[in-house]
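Lettering follows sequence order; numbering is per chain, from 1.
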Amino acid sequence: MINITLPDSSIKSFDEYPTGMDVALSISEGFARNCVAMEIDGKLLDLNTKIESDSSLRLITTKDGDAVEILRHSAAHVMAEAVQNLYDGALLTIGPVVEDGFYYDIDMKPVSEDQFPAIEAEMNKIIKAKKPFERKVVSKAEALEMFNDNKYKKELIEALEDQEISLYQQGGFVDLCRGPHIPHTGMIKGVKLMKTSGAYWRADQSREQLQRLYGTAFFDKKELKEYLHLIEEAKKRDHRKVGTRLGLFSFHQEAPGMPFFHAKGMEMWNVLLEYWRHEHKAAGYVETKTPVMLNRKLWEQSGHWENYRENMYTSVVDDEEYAIKPMNCPGGMLLYKTGSYSYRDLPLRAGEIGLVHRHEFSGALSGLFRVRAFHQDDAHIFMTPDQIESEILGVLRLVERIYSRFGLGFHLELSTRPEKSIGTDAQWEEATNGLKSALDTYGKEYLINEGDGAFYGPKIDIHIKDALGRTWQCGTVQLDMALPERFDLTYKGADNEKHRPIMIHRVIYGSIERFFGILVEHFAGKFPLWLAPVQVVILPINDELAPHAATVSARLSEHGIRCEVDNRTESLKKKIRDAQINYTPLILTVGEKERDSDTLSVRTLDGNVTMGLSIDAFLDKVLKNIRSRTLEGISFEK
RNA sequence: GCCCAUGUAGCUCAGUAGGUAGAGCGCUUCCUUGGUAAGGAAGAGGUUCACCGGUUCGAAUCCGGUCAUGGGCUCCA
């Protein structure tokens with residue numbers, strides 16, 4: 001007899017070895033219909049696997065978070081079969097699940113999106129046929145024989161350590177796979193191909209170029225619809241579109257990857273930095289500035305020449321080689337060395353809005369999100385070893401404070417030593433442990449990315465989450481025990497001996513350009529009042545009111561309010577519409593009534609209108625809102 | 001850098017048997033002098049279709065190259 005313990009601790013007994021499906025059916029038929037796989041002792045298995053010993057079992061239903069990954073993996077097999085049916089000679093390689101779907105890399109002729117409908121139709125045929133997924137186990141030799149005509153699969157099989165290799169079959173299609181899979185193809189209710197691209201076999205540029213087909217799948221057509229809607233929504237918010245329309249920035253062929261900020265974009269830029277300076281001053285930072293171009297010798301000393309050279313722009317001046325800085329730290333080192341420090345001077349927190357250039361691959365450039373020239377809201381914190389934890393905590397708290405100002409959530413990831421790196425094992429260990437203990441004290445959960453650190457130290461990356469739930473890496477906190485060594489930085493300890501300070505590099509906005517782009521998409525161009533490039537637009541109801549509009553404008557400008565007057569000979573309706581579609585937070589219409597009574601008529605972006613508001617009352621509310629840098633809109637009532 | 005796609009007026013885009021460029025928005029002028037999401041009319045605007053070269057009697061349309069942009073690979077703030 002087999003006893004199966006369910007998650008609620010109840011036990012079901014079976015006379016014969018039951019499959020997961022049998023267990024599910026013993027609960028109810030409806031429940032069983034929604035089961036996709038099972039977990040025994042932490043291992044995911046197919047539902048039709050026989051359970052041959054007493055076990056604790058968790059049935060995975062379509063509602064569970066991990067179910068959709070199993071589904072997508074199965075969908076990848078279906079796509080692979082469809083492609084094989086349609087294109088002779090297509091060789092399958094690998095087809096994993098990724099964040100929002102799956103892909104399959106296939107050695108075949110380039111595929112374009114107009115071939116998608118045909119592939120999707122073929123996939124839907126397979127889905128409709130409700131083909132069961134069947135697991136087969138064969139020996140390595142048999143597997144090699146079976147995939148004799150596919151060099152990629154053979155390479156994969158040869159690399160496997162197990163002598164037993166599992167295969168999955170749906171109908172006549174067999175693929176090498178660890179599994180598990182959903183019971184049958186019919187459970188895939190919503191499937192769609194998303195895009196194609198080239199990809200190298202094993203991500204190696206020197207090897208075969210494959211076609212990567214991306215798709216996504218859901219248990220429910222409605223979920224697919226919602227997902228597609230989200231993508232549409234994201235497209236509408238695309239900062240490149242919105243930023244162009246609102247006149248914030250532009251790009252030009254003459255400087256690929258290097259944004260031009262227009263007057264309105266600069267208004268926002270300055271507001272962002274003003275806020276940044278406000279918070280950093282309060283957190284005990286000073287602000288510094290170092291040159292953009294520095295001698296090659298400095299980069300050799302810092303290790304950048306050796307580790308980062310392919311990304312650096314260089315120039316020869318007076319027979320000396322210079323490099324344009326890709327990072328601010330070496331300049332910061334020189335700055336530190338101009339002084340002499342006591343342990344009492346530490347921690348020293350030196351901020352710098354530094355303009356850096358990095359020669360990214362031309363194909364990697366993308367709007368403000370990936371550029372070649374950008375400003376980092378950098379800071380270097382020099383400290384004693386026993387200040388590591390409290391300083392990192394301080395940075396994390398500052399990060400939280402600043403992001404929440406924009407309504408952005410975030411999560412943390414710790415990256416450890418990469419292959420290409422400088423410094424000793426002991427230094428890396430001490431640094432990594434320092435970050436870990438700070439993270440533990442901070443208390444928020446974090447992921448670990450092994451081998452993803454910077455070449456000079458481990459780091460904590462901070463990924464923000466925007467209004468659409470998308471995540472972006474912005475902030476990073478990097479501990480560096482190598483540069484202070486290379487530049488022989490010291491401070492005088494209480495023991496009157498020289499000691500080596502430890503250094504943190506950190507950014508919060510990260511790249512100001514990218515953060516700017518994220519904000520455009522996060523707010524979809526409808527910025528909160530304190531950030532809006534134009535806060536108030538004033539609409540005279542006819543030409544005779546133009547002088548009065550100018551008077552009002554001057555009064556608001558006196559208080560630092562960013563305002564414009566729309567004096568075009570257009571109808572009031574038209575001007576209102578234009579102000580609305582430009583997302584101007586406050587629209588003032590002025591006519592005789594307002595002029596004669598010295599009042600204002602205010603329209604907010606939500607379309608609410610308040611008439612007969614005194615200018616003082618308006619100023620009071622607006623200035624309070626701006627100064628508090630709130631995300632809240634204003635509502636006016638008399 | 002690699003693969004695929006795209007590149008026409010300030011913006012969005014049409015021009016798909018190769019015969020010497022169109023629309024809407026925006027802009028200018030005039031009329032309208034308006035009360036809360038598009039009033040009306042006229043006009044200017046492309047050194048001719050990203051750039052260079054080729055095929056052709058003739059190219060925005062075909063071919064090659066370059067550059068840029070977009071989606072990926074890779075990398076990363």
Side-chain angles (χ1 to χ4, degrees), chain A residues 103 105 109-114 194-214 235 238 240-241 244-245 247 250-257 308 310-311 326-328 354 356 358-378 415 452 454 459 461-463 472-476 478 505-515 517-518 539-546 568-582 587-594 601-605 607-611:
Chain A
Y103 67 79
D105 282 348
K109 279 202 203 116
V111 181
S112 74
E113 296 201 3
D114 25 284
M194 301 304 293
K195 53 198 168 196
T196 78
S197 81
Y200 299 103
W201 173 234
R202 301 259 140 160
D204 183 345
Q205 287 199 17
S206 67
R207 306 203 59 182
E208 293 85 345
Q209 171 96 32
L210 309 169
Q211 291 302 306
R212 176 168 296 180
L213 287 173
Y214 284 89
K235 249 189 218 161
D238 189 318
R240 291 166 295 200
K241 271 198 179 133
T244 304
R245 192 168 71 72
S250 60
F251 285 91
H252 302 275
Q253 274 193 213
E254 290 79 357
Y308 207 74
E310 63 267 35
N311 282 306
M327 298 184 195
N328 302 301
V356 298
R358 298 182 186 176
H359 186 266
E360 300 293 344
F361 280 156
S362 56
L365 303 179
S366 175
L368 291 177
F369 286 171
R370 174 128 255 117
V371 290
R372 283 178 172 161
F374 60 101
H375 294 74
Q376 290 183 304
D377 62 320
D378 215 342
S415 296
D452 228 17
K459 59 178 183 171
D461 286 328
I462 304 140
H463 297 249
W472 310 96
Q473 201 221 301
C474 288
T476 167
Q478 311 183 340
H505 312 245
R506 45 111 284 183
V507 290
I508 295 181
Y509 290 152
S511 148
I512 297 169
E513 283 79 353
R514 175 202 264 185
F515 193 78
I518 291 169
L539 313 181
I541 63 163
N542 63 42
D543 294 350
E544 283 166 31
L545 273 308
R568 291 174 305 165
T569 58
E570 292 288 354
S571 67
L572 188 63
K573 273 176 185 290
K574 170 73 168 167
K575 292 187 201 177
I576 287 167
R577 182 181 136 83
D578 286 346
Q580 288 269 160
I581 63 180
N582 284 321
I587 301 165
L588 299 180
T589 45
V590 296
E592 287 87 352
K593 265 184 268 169
E594 285 79 11
S601 167
V602 189
R603 184 186 167 107
T604 45
L605 256 193
N608 282 326
V609 178
T610 307
M611 310 229 236

task: Kindly give the heavy-atom pair with the smallest separation between A/Cys474 and A/Ile518, and that separation in Å.
output: SG-CD1, 3.5 Å

- prompt: Taking the side chain from A/Lys195 and the backbone from A/Leu213, do they hold a donor-acceptor pair closer than 3.5 Å?
  reply: no

- prompt: Using atom C1' of each nucleotide, how far apart are B/rC76 and B/rA44 to the nearest Å?
  reply: 47 Å

- prompt: Using atom P of each nucleotide, how far apart are B/rG22 and B/rG65 to the nearest Å?
  reply: 32 Å

- prompt: P atom, B/rG24 versus B/rA14: distance in rounded Å?
  reply: 16 Å

query: How far, in whole Å, is B/rC63 from B/rU56 if one measures between their P atoms?
result: 16 Å

message: If we ignore hydrogens and angles and just use 3.5 Å, is the side chain of A/Arg212 paired with the main-chain N or O of A/Ala199 as donor and acceptor?
response: no

- prompt: Which part of the nucleic acid, if any, lies within contact of A/Gly354, taking any heavy atom under 4.0 Å across all strands shown: a base, the sugar-phosphate backbone alone, or nothing?
  reply: nothing

statement: In whole angstroms, the gap separating P of B/rA68 from CD of A/Glu254 amounts to 11 Å

- prompt: Considering residues at least two apart in sequence or located in another chain, which fulfil the side chain to side chain donor-acceptor pair (under 3.5 Å) criterion with A/Thr589?
  reply: A/Ser601

message: I'd like to compare against my own output: the B/S/- annotation of nucleotides 71-77 of chain B with a strict under-4.0 Å heavy-atom distance to protein.
response: BBBBBBB

message: Say we look at B/rC4 and B/rC49: how far apart would their P atoms be, to the nearest angstrom?
response: 26 Å

field: Inter-residue atom distance A/Met327.CE - A/Gln478.CD, 0.5 Å rounding
entry: 7.5 Å

query: Can we say A/Asp378 and A/Arg506 salt-bridge, meaning some charged N sits less than 4.0 Å from an Asp/Glu carboxylate O?
result: no

- line: For RNA chain B, the expected dot-bracket line (Watson-Crick or G-U under 3.5 Å, [ ] crossing, | inter-strand) is (((((((..((((.....[..)))).(((((.......)))))......(((((..]....))))))))))))....

- prompt: If the C1' atom of B/rU47 is compared with that of B/rU20, how far apart are they to the nearest Å?
  reply: 15 Å

task: Could you verify whether a donor N or O on one side chain and an acceptor N or O on the other, from A/His375 and A/Glu513, lie under 3.5 Å apart?
output: yes

- prompt: What integer number of Å spans the P atoms of B/rC52 and B/rA59?
  reply: 14 Å

query: Under 6.0 Å between ring centres, would you say that holds for A/Phe515 and A/Trp472?
result: no

Give each protein N/O atom lying under 3.5 Å from an N/O atom of nucleotides 42-46 of chain B, with the pair distance.
none

- request: Determine, for nucleotides 25-35 of chain B in 5'-to-3' order, which nucleotides have protein heavy atoms under 4.0 Å from the base (write B), from only the sugar-phosphate (write S), or from neither (write -).
  value: -SS----BBBB

C1' gap between B/rG45 and B/rC27, integer Å: 9 Å

message: Closer than 3.5 angstrom, by distance alone: can the side chain of A/Arg245 be matched with the main-chain N or O of A/Ile581 as a donor-acceptor pair?
response: yes

statement: Output for pair (A/Ile587 CD1, A/Thr604 OG1), nearest 0.5 Å, gives 8.0 Å

Are any protein N/O atoms closer than 3.5 Å to N/O atoms in nucleotides 5-13 of chain B? If there are, list each pair with its distance.
none

